[in-house]
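What follows is one structure encoded as structure tokens, with my remarks underneath.
Just so we're on the same page: letters track the sequence lines, and every chain starts at 1.
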There are 2 protein chains.
Amino acid sequence: MIDALPLTDKQRLTLDFIERYIARHTVAPKLQEIAEGIGIRSRGVAHRYVQALIEAGFISTDEGRHRGIKLLKPNPQRAESILPMLGRIAAGRPIEAIPGEDQIDLRDFFGHNNFAVRVQGDSMIEAGIMDGDTVIIEFRETADDGDIVVALIDETETTLKRFKRSHKGRYIKLIPANKEMKEMVYEADRVRIQGVLIGQLRKY
Amino acid sequence: MIDALPLTDKQRLTLDFIERYIARHTVAPKLQEIAEGIGIRSRGVAHRYVQALIEAGFISTDEGRHRGIKLLKPNPQRAESILPMLGRIAAGRPIEAIPGEDQIDLRDFFGHNNFAVRVQGDSMIEAGIMDGDTVIIEFRETADDGDIVVALIDETETTLKRFKRSHKGRYIKLIPANKEMKEMVYEADRVRIQGVLIGQLRKY
DNA sequence: ATTAATAGTTCTCAAAACGTTCTCACGATG
DNA sequence: CATCGTGAGAACGTTTTGAGAACTATTAAT
């Protein structure tokens with residue numbers, strides 16, 4: 001039974017909700033709260049999902065006890081790509097979550113066609129992209145005006161710039177975000193898009 | 001019969017879509033989603049492609065189960081928090097890894113005492129931290145000079161600034177990275193450190 | 001300890017969504 | 001013409017989801 005037995009959509013939603021609830025309140029939710037949290041009205045149905053999650057080995061319960069749900073395996077995928085998102089850091093209590101937006105999920109960064117590039121130079125500094133930063137690129141061959149792209153020029157030089165077509169697509173502008181640099185214009189066939197910027201990160 | 005029987009265009013498209021979907025969502029797509037993903041409207045047709053891929057040995061299904069598709073030869077499983085780190089994107093070959101430094105590992109961001117805060121305002125803009133960015137904070141009560149910290153002032157106001165002691169520790173300077181703002185000086189006991197900046201990220 | 005309120009559990013009935021199978025159809029190709 | 005790759009959509013059975021009643025157990029207050 002090493003199989004990661006698959007959860008249905010609602011079961012997964014239920015597990016998510018329970019994890020978030022416990023993270024925020026330190027106690028487990030009631031069935032009524034679970035029901036509302038996943039958008040249904042029946043405690044009975046919520047209970048069914050909880051049972052399925054026990055079956056699947058994700059949680060356990062003190063049978064009968066109120067708020068008796070316990071997490072068994074802190075979901076590995078979640079644990080590694082989700083951070084609690086906190087808003088204000090208020091006086092008495094150390095931290096306070098922003099209602100609604102309470103997690104940051106980095107799985108977007110790990111898509112199949114994504115890769116990371118270390119930035120060299122200051123050409124995009126006014127867009128907040130600094131020398132040494134890491135940018136996440138989705139591998140694509142097309143881009144929309146305004147996207148920040150990795151562009152290959154004359155099959156030799158690679159650069160990170162904002163993309164814009166001009167002259168009905170016959171020319172392509174590559175626009176730096178740095179007042180001290182000028183935008184460059186190339187014939188369209190000299191420029192090949194390698195990917196589009198979807199994220200950026202930095203370590204201190 | 002070890003023949004790698006050739007896939008038709010649409011079958012390959014279907015396989016691509018399934019792989020990408022699973023990579024991004026961790027669960028398999030529904031036939032309806034496959035249909036939309038490859039640009040058709042009929043679940044029946046999507047099902048036919050799925051059958052062909054089973055025949056060809058690329059995937060299998062839990063018959064009848066929703067989202068029951070499984071990849072058989074999965075791509076070398078990429079860890080959840082590691083991205084390939086690429087350097088130059090050279091001419092002939094589309095991409096080329098930097099030798100030595102070929103992965104970016106985000107597990108640093110997910111330590112136990114870390115949390116994320118969304119940045120409001122432009123006070124750190126010259127440090128490349130812009131309004132709307134997400135910063136990763138390690139929960140600590142002390143900081144070194146030069147660290148960027150989340151500071152609580154007079155138990156009421158929270159702010160992100162560069163930290164510096166002065167007057168032998170009796171005063172604390174909180175220094176914005178924005179020419180239009182002035183640094184602030186407080187008696188040490190009015191300022192409480194909530195955490196130290198260890199990372200920053202942004203989604204586009 | 002008794003009670004009232006609330007929570008967890010079990011059950012039946014039902015509908016919605018999904019996978020599966022099938023027929024019909026169209027255009028391209030040999 | 002026959003064949004292949006493609007697409008739409010109807011029809012059917014199964015899985016998944018939902019509501020709510022009825023019952024039992026826990027909890028907090030009297």
Grab the CZ-C1' distance between R41(A) and dA15(C) for me, whole Å please. 14 Å
Would you mind telling me which residue lines up with the more 5' stretch of DNA chain D, Q11(B) or H66(B), judged by nearest nucleotide? Q11(B)
Indicate the ring-plane relationship of H167(A) and Y171(A), choosing parallel, tilted or perpendicular according to the 30° and 60° boundaries. perpendicular
Tell me, please, which residues at least two apart from D147(B) pass side chain to side chain donor-acceptor pair (under 3.5 Å). none
Using 0.5 Å steps for rounding, measure from the CG atom of L31(B) to the CZ atom of R67(B). 10.5 Å
Roughly how bent is the helix from dA1(C)-dT30(D) to dG30(C)-dC1(D) end to end, in steps of 10 degrees, with each end axis from five pairs? 30°
Could you tell me the separation between the CD1 atom of I40(B) and the P atom of dG9(D), rounded to a whole number of Å? 11 Å
About how many Å separate NZ of K10(B) and OG1 of T8(B), when rounded to the nearest 0.5 Å? 9.5 Å
Looking at every non-hydrogen atom in both residues, tell me the closest pair between N178(A) and E126(A) and how far apart they are. CA-OE2, 3.2 Å
Send over the distance from R67(B) CZ to dT16(D) C1', rounded to a whole Å. 12 Å
CG of D9(A) versus C1' of dA16(C): gap in Å, rounded? 13 Å
Can you tell me how far P of dT16(D) sits from CG of L7(A), to the nearest Å? 11 Å
With sugar-phosphate meaning primed atoms plus P, OP1 and OP2, does S42(B) contact a base, only sugar-phosphate, or nothing at under 4.0 Å between heavy atoms? base
Taking atom P of dT9(C) as reference, at what distance in whole Å does atom CG of L53(A) sit? 13 Å
Assert: residue with more 5' nearest nucleotide on DNA chain D, out of Y49(A) and K10(B), is K10(B)
Side chain of T8(B) only, heavy atoms from C-beta on: which candidate in dG18(D), dA7(C), dG5(D) is closest? dG5(D)
Indicate for each nucleotide in nucleotides 20-30 of chain C, in 5' to 3' sequence, whether protein heavy atoms under 4.0 Å reach the base (B), only the sugar-phosphate (S), or nothing (-). BB---------
For atom CD1 of I54(A) and atom P of dT9(C), their distance in whole Å: 7 Å
Minimum heavy-atom distance between S123(A) and L160(A), given as atom pair plus value: OG-O, 3.7 Å
Side-chain heavy atoms of I22(B) within contact of L71(B), under 4.5 Å: yes
Please report the distance, rounded to the nearest Å, between CD in Q32(B) and C1' in dT15(D). 17 Å
Rounded to the nearest 0.5 angstrom, the CE-CG distance for M124(B) and D133(B) is 11.5 Å
Given Q51(A), which partner from the list E55(A), R48(A), H47(A) fulfils the side chain to side chain donor-acceptor pair (under 3.5 Å) test? H47(A)
